[in-house]
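Throughout, a chain's letter reflects where its sequence line sits, starting with A, and its residues are numbered from 1.
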Amino acid sequence: MADAPKLVNLTVDGKAITAPAGTLLIDACKNAGIEIPSFCYYPGLSVQGACRMCLVKIEKMPKLQTSCTTVVGEGMVVTTENDEIHQARKSMLELVLANHPLDCPVCDAGGQCELQDMTFTYGAAESKFVDIKNHRDEQQWSPVVYFDRPRCILCYRCVRVCGEGMDVWALGIQQRGVSSVIAPNMEDHLECEECGMCIDICPVGALTSGAYRYKTRPWEMNHVATVCTHCGDGCVTTLGVRRSDTGMEIMRGDNRDKSGINGDFLCIKGRYAFDFSKEPERITVPLIRRNSKLEPATWEAAFELIASKLKEVRDRDGGQAIGVIGSNRTTNEENYLLQKFARLVLATNNIDHHRTADYPGFVSALAGTQNMTASMRDVASAPAILLIGNDPTEQHPLLAWQIRNNVRLNKARLYTVNSNQIKLRRQSTVFHLISAGSEGAFAQFLVGNDSAASSVGDPQALNSLRDKLRGEQGLVIAFGSEIRGEHIKPLVQFAQSVGAKLICLGDYANSRGAADMGLYPDLLPGYYPVSQLTGSKDEDWMGKAPKQPGLTLQEMFSAAAGGRLRALYVVGSNPVARYNLDPFALKNTFTVVQDMFLTETATLADVVLPAANAYEKGGTFTNTCGDLQRLQKAGDVTTVKSDFEIIVRIANAMGYDVHGLVPFAPGLRADMGQTRGAESGEADRHKVWLTRQGIEPKLSPFDPLALLDEIQRLVPGYEVSRLNLMAGNDQHTQVPDIGSGELPSHPELIVPSEDTLFTSGTLGRYSKTLNSVMENDRAVPEDAGIPAD
Amino acid sequence: MPILKNIAAIAKGMSITLKEMFAPTVVENYPDGPGPLKGAKFQERFRGVHVLQRDENGLEKCVACFLCAAACPSNCIYIEAAENTAENRISGAERYAKVYNIDYNRCIFCGYCVEACPTDAITHGHGFELATFNASNLVYRKEQLLAPMPAHLGANAVFNKAEIDKGMPALTS
């Protein structure tokens, strides 16, 4: 570690401030609470010095200086606001406005335009220029990017964020001086990652979004910061919502709320792919199969039918004749509730989900060692990163962004071991191409098994790589699903030997949460094996769960084909297509599917329930690193229900006391005197816990936060700060301490989603924006397969 | 002589009455007056039912900037914007109001929308006969608020007739 930089003392507007040597004056002032206006300066991007808005007076310097290019100096005396500076900035604005069209009423940036704000501040509303403005027609560069050239003020933020930030370099500058023009890479259009960062960063309306084009205006919307529902990185996306005739319509996504782990970053999916929620093909009423056709029905009829059938099967054939398949895109609370419902109400351990990473294997390998997992924020500051397998640029765009910027801004060292020439090789200190499928052998090699090297690649290069890695302090290791099963253990051993932290990369928004919440036939929430439940958990509801491990997803389908599985309950998943399972297996199985669309599995169902998506409900998601974040309800479609409510209502229709599932408050309607508080003899564990945490019990059985209380109480690692969580901050969860025992993990069941930047499982299929970009830019990969969740 | 005093008072009063009988009338003969206004007279600046203006080419002036909705203190303006295309050009700028509703249940005729409008698209007309038996009739749609096509474009009669034939109330101004 280098020594901490020397501190420099300077005076700004009569205020004595201190900043580390080398800090830019504009940053030093901002940290001291003094704001200096600027267009071209953007934190984290290289210095441009183009707009001259940040002019300040520095004593002993003859003219005004640009504070974004000036480094703080000892004894500097700075004035950031006086008549001279005000006049200078006003003149700069007049020049900027010389050819800027005054079409604010039409411009999509109107109302959130930095140029508007500056003009209001400096009063440069009048122009001395009489010449006719030089008009150019607006150009469409891609389905999501529009460019209006006269509006451009040439701050070059877009060029820098695209090149430096995204490493795409799709935008450039043509010509020089006043004739400079921002230009796309393909002459008249863009071929890029379509992340939309250039649009978000544009201080004016020169670059605008095709998805939000002319829809509404910023002040007409409510802005809800929630967690993106696509990949497993957990970016915060801010959804602008507006009331519509079917509830609340999501008008746009962006990252106004830069407090998330993604900071400035959002990829195309987080920014544009919310449009599946208003796809006309979306199911909005329950469907029941009558005369072999799915027909619209009421919720009551659907619940009644489901409850009577499930009860009939459970009471006649026992719980083992019922299967439950959970989702990677439902919230932690819903996953927890679903497995609790399966285990208590349906009395079965036949519960599984589409696995995209070997989390049980990971937890098992860690064997309870705490603080060995890295959060997404750690990636942005770690001095060194080892990436094994996966292609983060495609599958974990935020991880790729964190790595890129860490390399660029902090000179972090990136070691990449991959079987493909992935794009992050460009940032890598060492890129080692290995043969496909030898990632596991590489992990063996890392812990000293030199014989494994032969199958991986050049032993000499590998040795030098291993030596370098051994010398790294504070290494973060991210590995894809290529490493699973027995290969995780050597990797963890290596990490322990060098004090590294690990990230196990899973594919969907809440894949980690699904695993943590026990959507496994053999594991309870917190990775407790069902067969060897011990200690205090036994006294809670978990003690009442069946002790026999259930069937995995594939086993359920073969059981159904053999006539042993009489009922199947699928929540937000499409196993038939993903695992290429025999659809006829379900012909004698009563199947309930709750989803947004008629997927391959839903078309086979006897009852289809329209479910809300993650943008339409509250709850929490755990990203692939284990960062817990809060979801907030943004959109709303009045005729659908959240998965949480559907499960509670089915349990209720089956005659189960809902208090046993969701510990909601004793109240007028809820409590008929059955519940006993801590004060009346037998302790109500949940109430005691709530009281100790200073938390009020929730009033509604449909409030997921009521179940979050229980999750925090029963799932180890989730005891994070409630205050921070509710405030929208990400909270890193720890891996539960399961001791040295082996967890049942089925590495053969892991099927990576193989999503690219422009696909996202079922949701991607129904997103018009993603599809339009795909048709435009690159052909769909032939081996893309059919998505599952 | 109190009785004489009383008679004098009555005579004085009746003389005023008599004088007023020959004075010109100041009461408006609404609604029995002549013409489409039925005798109602307006100050030029009277703030009645809004009119969405058209430009000299007959295109709508409104560009759906939502500033009127933002300025509205009673939140009675609802707009949905859409983009003009070459085949379907509605307004002079890049976009137009696909839906423009004013809810006269809520409107307080303050005129802030008119002041906010950057294109002088929304103005106050003189229409005031808003009474209805059904409150939902008071949500006026764009078609009811739009000014008729300029006469030189020759579409005036047809435009109004088509609208009226569709069962919409006639324009009030």
Side-chain angles (χ1 to χ4, degrees), chain A residues 100-113 116 119-120 125 133 135-140 143-151 204-223 240-252 278 768 772, chain B residues 50 52-55 57 59-103 105-106 112-123 136 139-142:
Chain A
H100 189 92
L102 296 180
D103 61 350
C104 306
V106 177
C107 176
D108 264 340
Q112 51 174 25
C113 172
Q116 271 186 337
T119 309
F120 271 104
K133 291 190 179 184
H135 177 74
R136 289 284 190 286
D137 279 339
E138 199 171 12
Q139 302 164 19
Q140 183 176 13
V144 291
V145 182
Y146 279 74
F147 178 64
D148 192 311
R149 184 169 143 193
R151 286 187 197 147
V204 293
L207 287 159
T208 48
S209 152
Y212 167 67
R213 194 170 167 74
Y214 299 152
K215 277 216 186 119
T216 180
R217 318 235 56 197
W219 62 83
E220 283 283 304
M221 293 181 284
N222 286 332
H223 300 277
V241 292
R242 195 182 168 203
R243 191 158 290 289
S244 75
D245 45 6
T246 53
M248 289 293 260
E249 188 184 343
I250 305 173
M251 310 299 286
R252 72 162 183 196
K278 49 190 166 195
K768 278 210 176 71
S772 69
Chain B
H50 300 85
L52 290 174
Q53 300 292 346
R54 293 172 184 276
D55 65 12
N57 298 318
L59 294 170
E60 290 168 16
K61 278 187 173 176
C62 176
V63 296
C65 73
F66 290 72
L67 284 176
C68 48
C72 182
S74 60
N75 203 5
C76 69
I77 303 180
Y78 176 83
I79 306 171
E80 280 176 25
E83 190 174 359
N84 281 312
T85 55
E87 305 84 58
N88 184 27
R89 175 154 286 282
I90 307 290
S91 79
E94 281 102 326
R95 67 178 191 190
Y96 69 98
K98 189 173 69 183
V99 176
Y100 192 108
N101 293 346
I102 296 181
D103 184 350
N105 290 295
R106 302 181 66 118
Y112 282 10
C113 49
V114 178
E115 289 209 27
C117 185
T119 61
D120 291 337
I122 187 164
T123 57
S136 59
V139 181
Y140 275 40
R141 286 172 298 134
K142 190 175 87 170

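Both the backbone and the side chain of A70(B) come within less than 4.5 Å of a heavy atom of chain A.
The environment of CZ in R89(B) is crowded: more than 12 heavy-atom neighbours from other residues, nucleotides or ligands sit within 6.0 Å. At most 12 non-hydrogen atoms from other residues, nucleotides or ligands lie less than 6.0 angstrom from OH of Y112(B).
Among E220(A), R242(A), R217(A), the residue making the largest number of heavy-atom pairs under 4.5 Å with chain B is R217(A). Annotation: maximal heavy-atom pairing with chain B below 4.5 Å, among G110(A), G111(A), P105(A), occurs at P105(A).
R95(B) has a carboxylate O that lies under 4.0 Å from a charged side-chain N of D108(A), or vice versa, which qualifies the two as a salt bridge.
Considering every non-hydrogen atom in both F66(B) and W219(A), the closest pair reads O-NE1, 3.6 Å. Between D103(A) and E94(B), the shortest heavy-atom contact is OD2-OE2, 4.5 Å.
Contact check for V63(B) versus Y214(A): no side-chain heavy atoms found under the 4.5 Å cut-off.
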